[in-house]
Amino acid sequence: MDKVYDQTKVEQKWYKFWEESGFFKPKIDPNKKPYVIAMPPPNVTGELHLGHALTASIEDLLIRYHRMKGDPTLWIPGVDHAGIATQVVVEKELSKEGKTRHDLGKDEFLKRVWEWVEKYGRRIDAQHKKLGVSADWSRRKFTLDPDYQEAVKEAFLRLYKKELIYKAERMINWCSRCETVLSDLEVVYREQKDPLYYIKYGPLTLATVRPETKFGDTALAVNPQDKRYRKYVGQTLEIEDVLGKSQIKVIEDEAVDPKFGTGVIKVTPAHDPTDFEIGQRHNLEIRQVIDFNGKLNEKAGKFAGLTIAEARIQVVQELEKKGLIEKVDQNYVHSVGHCQRCDTTVEPMVSLQWFVKMKPLAEPAIEAVKRGEIKIIPKRFEKIYFQWLENIKDWTISRQLWWGHQIPLEGEEDVLDTWFSSSLWPFATLGWPSSTKASEGKPSDYEYFYPTTVMETGYDILFFWVSRMIMMGLFLTGQVPFTTVYLHGLIRDPMGQKMSKSKGNVIEPLFMADKYGTDALRMSLIIGNTPGKDMRLSEPKIQGLRNFTNKLWNIGRFIIDFAPDDAKHLSVIPSEHSERGNLNSRKIATSVATLLPRNDNKNDKEILEKLNQTTEAVTKALESFRFHDAANTLYEFTWHQFADKYIESTKDRRAEAQPVLEYVFRTSLELLHPFMPFITEELWQRLPHDGKSIMIAKWPEAK
RNA sequence: GGACACUUAGCUCAGCGGCAGAGCGUCUCGUUCACAUCGAGAAGGCCGAAGGUUCAAAUCCUUCAGUGUCCACCA
């Protein structure tokens, strides 16, 4: 063996071996309860990032652990078409050629997206394999597969028939760059400083940040309690405006905050959510002045055709010229919505869209968690989950995009929110709705594997995805889609900043896997990572865990390459399991009991006892989702107890200690396998062992 | 405006009623003898502040202060 561990000689070889041996496919045993994880399908927008690597590391850890425990274990991989996200990414590619999607037309554009999907879909699979993901690739799903489209259609129709889907004209969030409606969750609010203009409307003055929407004003409003303006309420004022004289009436409404600005507001029902509601209460005209392309329309007179930003500047100039601006507050800070995918400022607009009625779906979803049918880890997220569901609003599901699931109804051009299809993931991947029945005496995947066991994902998509899967699962299948939700935190840079390409602080997981080994990368994501908490990651940490892989390698080298000629080996110890025989050729001694009676060496006893404690602690930690704890325990045991202390103590009685060395090391490798699959397989194969692969070895049991 | 989390060694973080821990960093020593991607040892902490509960508090309760995150129609 080389002096230094070289993962490049190891990883590919074993992945190929595992995949070809069929170990990733579960054996259906009707008498056993399966262990199932539906992998959160990465968006086909690009490469895997550290968040994906974390997901893969945790889930593969759970999957390998349960497989070794003997559960029929299924991990369903896949990729998400990611509607708006993918469309935006491909549009960005096009813009490099100086083109927009409209230059290509719908058919040609969709062809480009499909090319993208082919390329990145394959790349994502390859990257998952590089990370050691032991998923059942024969069950891989893409959220636009034909059978998945069937599932989406079926879900839509069932909701529609129960009147849980409806079409209505509402105030919605509009992205004028993507030219589509967005759901509330897809709007990211950010504080920003904008000038607050105090503008004269006849005898009154009001404060606004949006003078360019004034062409859509259909009233002025004050609070009914506000004595200052009582005499104006009910009057129609003659005012001088940028487009000449006009008339506007003054109304009173509770929604007006008398402490804001002057206590008077302009009501623009077409372009502000509060104003829209005031308008509904007072029967005001909804006068749209901004078009869906983000430009002012003919109602803006000479300002028609300008973008919102241009119009704001020009309207203010005109107002100033006419002496209609009383003052400008330059320090006004407010929060402005931006498109989650392209960062364009979101415009409130009134538009006819499809919605899902959420209250009837939310109630059972709340109950399922309250009754403990679904457990969320860490528990504090249950409260966040309840709060969101208890105050839920209807979900806008139509999108004016080209890439996505077509709404299956006559005359509909729109596609569905990508999260609508994702919400079906745990059961649509298992054959729902068409292949749910047994055939030829064999249970269907849906019957055997559904509901799934664990949903493991980042807490940032608790609302987007997890709660919607629970609602859809309960409504469409009558069952919870999974029984445990495990939420991990976000990976941040060493300064605690979010990683992003523009900041240049991104750590590429695949690059790290190449440089230090997949096992080191995976371990670096598990150790020191507490459930639900963000974690800082730096290259030196990965390096440190590369050192750990090298430590394991050299323990192996010491035990295997440097074994004395007269050493007895584990495989030739007589035991209840074994006969005398050659190395690796017979059943081998597997229990502490077969080793201990052979001698009463104090160090042997101690290390075996510590191994036993470690086995127990690691198993307990894994059962309670304390992965960091399990990893830490193993790190401490193998390095400091086993290598530093025990191995040192055997140097003057090496031949005698050999079977204990082999036994303890092999067991440690088995415990480490779910965390570090590659190096553990490589070393395990070189030790006396039983069976074809460590990944199907029996999980060690504490005595 | 609500809700939640965090504050422990120089740094990053575990621990969450019973003698303050790890990794990295620092300092001292050690290269034939598995590994310098290493080993032996050392220094380093009023566990954010103030009250309270308890035989016992980093850990439970209250208040406060910083930091961060999420939610909410701040015109």
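Just so we're on the same page: letters track the sequence lines, and every chain starts at 1.
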If you look at every strand shown and take non-hydrogen atoms under 4.0 Å, does [X] touch a base, only sugar-phosphate, or nothing?
{"X": "Phe562(A)", "value": "sugar-phosphate"}
{"X": "Gln192(A)", "value": "nothing"}
{"X": "Val209(A)", "value": "sugar-phosphate"}
{"X": "Phe463(A)", "value": "sugar-phosphate"}
{"X": "Leu462(A)", "value": "nothing"}
{"X": "Ser335(A)", "value": "base"}

[N] and [M]: how far apart are their [atom1] atoms, nearest whole angstrom?
{"N": "G39(B)", "M": "U32(B)", "atom1": "P", "value": "16 Å"}
{"N": "A58(B)", "M": "U7(B)", "atom1": "C1'", "value": "12 Å"}
{"N": "G44(B)", "M": "G1(B)", "atom1": "P", "value": "46 Å"}
{"N": "C61(B)", "M": "C16(B)", "atom1": "C1'", "value": "14 Å"}
{"N": "A65(B)", "M": "G51(B)", "atom1": "C1'", "value": "15 Å"}
{"N": "U37(B)", "M": "C4(B)", "atom1": "P", "value": "49 Å"}
{"N": "G30(B)", "M": "C13(B)", "atom1": "C1'", "value": "31 Å"}
{"N": "G15(B)", "M": "A9(B)", "atom1": "C1'", "value": "14 Å"}

Return yes if a side-chain donor-acceptor contact under 3.5 Å exists between Tyr5(A) and Asn554(A), otherwise no.
->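 The answer is no; no qualifying pair exists.
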
Would you say the side-chain atoms of Trp395(A) and Asp184(A) include a donor-acceptor pair closer than 3.5 Å?
->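 No.
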
Tell me the partner of [N], counting only Watson-Crick (N1-N3 plus N6-O4 or O6-N4) or G-U wobble (N1-O2 and O6-N3) with both under 3.5 Å; none if nothing fits.
{"N": "A3(B)", "result": "U69(B)"}
{"N": "C16(B)", "result": "none"}
{"N": "A34(B)", "result": "none"}
{"N": "C64(B)", "result": "G48(B)"}
{"N": "A9(B)", "result": "none"}
{"N": "G39(B)", "result": "C29(B)"}
{"N": "A58(B)", "result": "none"}

Using the ring of [Y] (Phe, Tyr or Trp, six-membered ring only), decide whether [X] places NZ or CZ under 6.0 Å from its centre and within 45 degrees of its axis.
{"X": "Lys193(A)", "Y": "Tyr332(A)", "value": "no"}
{"X": "Lys299(A)", "Y": "Phe215(A)", "value": "no"}
{"X": "Arg468(A)", "Y": "Phe463(A)", "value": "no"}
{"X": "Arg380(A)", "Y": "Tyr385(A)", "value": "no"}

Ignoring backbone atoms, establish whether [X] has a side-chain N or O less than 4.0 Å from OP1 or OP2 of [N].
{"X": "His628(A)", "N": "G15(B)", "value": "yes"}
{"X": "Tyr189(A)", "N": "C73(B)", "value": "no"}
{"X": "Asn391(A)", "N": "C71(B)", "value": "no"}
{"X": "Arg557(A)", "N": "C35(B)", "value": "yes"}
{"X": "His334(A)", "N": "A75(B)", "value": "yes"}
{"X": "Lys393(A)", "N": "C73(B)", "value": "yes"}
{"X": "Lys533(A)", "N": "A14(B)", "value": "yes"}

Report the distance from atom [atom1] of [X] to atom [atom2] of [N], rounded to the nearest whole Å.
{"X": "Leu634(A)", "N": "A22(B)", "atom1": "CG", "atom2": "P", "answer": "18 Å"}
{"X": "Arg654(A)", "N": "A34(B)", "atom1": "CZ", "atom2": "C1'", "answer": "9 Å"}
{"X": "Ile392(A)", "N": "A72(B)", "atom1": "CD1", "atom2": "C1'", "answer": "14 Å"}
{"X": "Asn547(A)", "N": "U37(B)", "atom1": "CG", "atom2": "C1'", "answer": "4 Å"}
{"X": "Met523(A)", "N": "G23(B)", "atom1": "CE", "atom2": "P", "answer": "13 Å"}

Name the closest nucleotide to the [X] side chain, picking from [options].
{"X": "Asp644(A)", "options": "A34(B), A40(B), A75(B)", "answer": "A40(B)"}
{"X": "Lys3(A)", "options": "A22(B), A36(B), A75(B)", "answer": "A36(B)"}
{"X": "Ile647(A)", "options": "A75(B), G39(B), A34(B)", "answer": "A34(B)"}

What about [X]: does its side chain form a donor-acceptor pair under 3.5 Å with the base of [N]?
{"X": "Lys551(A)", "N": "C35(B)", "result": "yes"}
{"X": "Lys651(A)", "N": "A34(B)", "result": "yes"}
{"X": "Glu648(A)", "N": "A34(B)", "result": "yes"}
{"X": "Arg536(A)", "N": "U12(B)", "result": "no"}

Along RNA chain B (nearest heavy atom to each residue), the more 5'-positioned of His640(A) and Thr530(A) |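 The residue closer to the strand's 5' end, by nearest nucleotide, is Thr530(A).
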
Relative to the 5' end of RNA chain B, which residue comes earlier, Arg380(A) or Gly556(A), by the nucleotide with the nearest heavy atom?
->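 Per heavy-atom nearest nucleotide, the more 5' residue is Arg380(A).
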
Stepwise, does the side chain to side chain donor-acceptor pair (under 3.5 Å) test hold for Gln543(A) with Tyr516(A)?
-> CA-CA 7 Å; Gln543(A) 240 170 58; Tyr516(A) 299 111; 2.9 Å; yes

Please name the residue in the list Asp272(A), Thr218(A), Thr208(A), Thr213(A) that meets the side chain to side chain donor-acceptor pair (under 3.5 Å) test with Lys266(A).
-> Thr213(A)

In terms of side-chain geometry, is the basic nitrogen of Asp2(A) or Lys9(A) positioned less than 4.0 Å from the acidic oxygen of its partner?
-> yes

